[in-house]
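Below is one structure; the comments refer to it alone.
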Amino acid sequence: MIGRVPWWTVIVVGVLAVCWVVPVLGIVLTSIRPPADVALGWWRLDNIRFTLDAWQRVWVEYPLAESFFYTALLAALATLGTMLLTPAAAYAFHFLKFRSRRLLLIIIINAFVLPQQVVVIPLFTLWRDMKLIDNPLAVLIPYVGMSFAWSIFLVKNFLEDFPKELIEAAKIDGCGPIKTLQHVVLPNATSPIFAVGVLQFLWSWNALLLPMLYLRSMVPLPVLLTKVSGTYEMNWDLRSVAAIVTTIVPLIVFVVFQRQFAAGSQTRTGAKE
Amino acid sequence: MASVTLSNVSKSYGAFEVIDNLNLTVDDGAFTVFVGPSGCGKSTLLRMIAGLEPITKGDLVIDGRRVNDADPIERGVAMVFQNYALYPHMTVEQNIGFSLRMAGLGKPDIEARVVAAAQTLQIEPLLKRKPAQLSGGQRQRVAIGRAIVRDPEVFLFDEPLSNLDAELRVSMRVEIAKLHNKLGSTMIYVTHDQTEAMTLADKIVVMRDGKIAQSGTPDELYDNPDNLFVAGFIGSPRMNFLRAELTQGSLKLAAGPTLSAAGLPDAGEALVGLRPENFVLDGGDASLVVKVDVVENLGGTRYLYGTTGSGEALVVEVRDRAGIKAGDNVQVGINAARSMVFAASGQRVRPGH
Ligand SMILES: Nc1ncnc2c1ncn2[C@@H]1O[C@H](COP(=O)(O)OP(=O)(O)OP(=O)(O)O)[C@@H](O)[C@H]1O
Ligand SMILES: [Mg+2]
């Protein structure tokens, strides 16, 4: 019958789901049980007590709220920067002709193959000389800059299918490149721009290496999480709470915006049936 | 309104020459149609006039001003695209008013002009819709509305009707002709459909391989083509071409009869062009026998598709209902005065050359 999935897909998907759900369940349970009860494992049932003690203490013992705010701020700024600059760059690379366009594009896209670890040290010395250490720009610039590799690639790919006549019609109607971008390209490219925005948000929210090295007074959540885990105390419950707080936002963002990915790159041209 | 002049215009993509040293004047207020087979460079030429394609060599002059390097808006041209190219995220109203908005006109001004354009094209009830909610014919009207709202010097159309069905194509054709009468603007229209060209044009420019094969009024091209290509391209059904030998003022057809060709220089092997309506069932200057393969009945006229004794295909237009059936052998007379002779090179053989 059409539409019926084979029996084995159900099993495969089921196993994958369990693999994913069990650790999450573990973290949640650990966060609401006294550490002594779960010392041998969160699944142990010898002593069943629940407490919200960790959920209250963690805010006091660690600057979790402050970190949450910084993380959100940095991720939001990085996302905004990417959503503004990437479509403009992709549009320029795709529709405008300028000197060494190909070379520039290759250089930018090549950042793909460049692991973060390679740029970390040179960038550190650069920021130190420019007195940018502990300045949000020290992480925002690489967040946005390094994302160009995949984000420009993604949006430019979408523009491959963008009807060229619309660009030409705009030109005939008196638009220069900027107005064409603003009035014709952007309104019809919302789905790749949102996809890029969501990916960039997740990536910058979870960033660890750069903020750890370049920021001092601001401690984003992933960095804080390593600090919470780095102590020798029996603080499994606090770690769990911090982990939940760290992951909950990306999870919500992903669930809310997952349709942007499913929608993919379909162009609504309306130009022709 | 403005005239458009192209002098020695060439266009090449790398080493590939699309338009080859072309000279043309489009008169002020005239409806000019570029027609030619696919790939001959019609769209390229139009896009160069529009400012969408840089001109490799030569000068483009609109309204007395050289505009090779000007933006489309400075040239005062508006263009209607083959696939409409309406902005999908804007309503019809916004689509039509977009160029005015970009030009910085005020809201009330824009609205008045949009409504006036919509009235001209009878699309007022559609103003609040999005392009996706329109039929093909309605979209085409909106696309034309977008052009007329600006009151441009020159209208450019690139095969605007080719996405429409046959019936709609005919009615839109009439509308475009009316629009031209009403506005009196210079219009340049590209098509590969010779019927569209014949019915719309004040002047037809027949193109072939990036060159102008001939230009003139529809009647000039129909009655007096310069070469085999134009003769075969203009007119439907196509002109018949019969093999012949032109020597000493007489034209001996391979199919049998000999026609007088007084005043024509010797050309040896030649082709005689005869349109389907240049035959008569009785009389004529000479006659030949045609074996009828198919009779196409259009009511008022019929077309006999047949074969001559020499095995050449022939189409004959018949106006009376002579009861001719497929399989019959019919004697048809030739109206020799209307025949045209083409040399083997494809050039017309004219008297006194
Ligand atoms: N960007 C381009 N690069 C290279 N060659 C091109 C380009 N655009 C068009 N051509 C070539 O130029 C020639 C003329 O193209 P053009 O689009 O003007 O033809 P056309 O007369 O409009 O044909 P049609 O009736 O099919 O629309 C064609 O041979 C085409 O392959
Ligand atoms: Mg074309």
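In what follows, chains carry the letters A, B, and so on, assigned in the order in which the sequence lines appear, proteins first and then strands, with residues in each chain numbered from 1. Since this is a predicted model, take the numbers as computed values, not measurements.
- Atoms CG and CG, on B:N83 and A:L166 in that order, are 8.5 Å from each other to the nearest 0.5 Å.
- Neither the backbone nor the side chain of B:R75 comes within contact range of chain A; no heavy atom of the residue lies under 4.5 Å from a heavy atom of that chain.
- When all heavy atoms of B:A85 and A:A169 are compared, the pair lying nearest together is O-CB, 3.9 Å.
- Atom CD of B:E167 sits in a sparse spot, with 12 or fewer heavy atoms from other residues, nucleotides or ligands closer than 6.0 Å.
- Interface remark: B:A103 contributes no atoms to any contact with chain A (heavy atom separation under 4.5 Å).
- Within a 6.0 Å radius of CZ in A:F148, other residues, nucleotides and ligands contribute more than 12 heavy atoms.
- B:P88 and A:N188 get closest at one heavy-atom pair: CG-OD1, 3.4 Å.
- You'll find the side chain of B:M79 stays beyond 4.5 Å of the side chain of A:E168, heavy atoms only.
- A distance of 7.0 Å separates CG in A:D173 from CD1 in B:I73, rounded to the nearest 0.5 Å.
- For CG of A:L16, the number of neighbouring non-hydrogen atoms (other residues, nucleotides, ligands) closer than 6.0 Å is greater than 12.
- Nearest heavy atoms, B:G51 versus A:K171: O-NZ, 3.6 Å.
- Rounding to the nearest 0.5 Å gives a distance of 11.5 Å between NE2 of A:H183 and CD of B:Q94.
- Interface check for chain A: of the options B:R47, B:E74, B:K130, the most heavy-atom pairs under 4.5 Å are formed by B:R47.
- We find the CD1-CE distance between A:I172 and B:M102 to be 15.0 Å, quoted to the nearest 0.5 Å.
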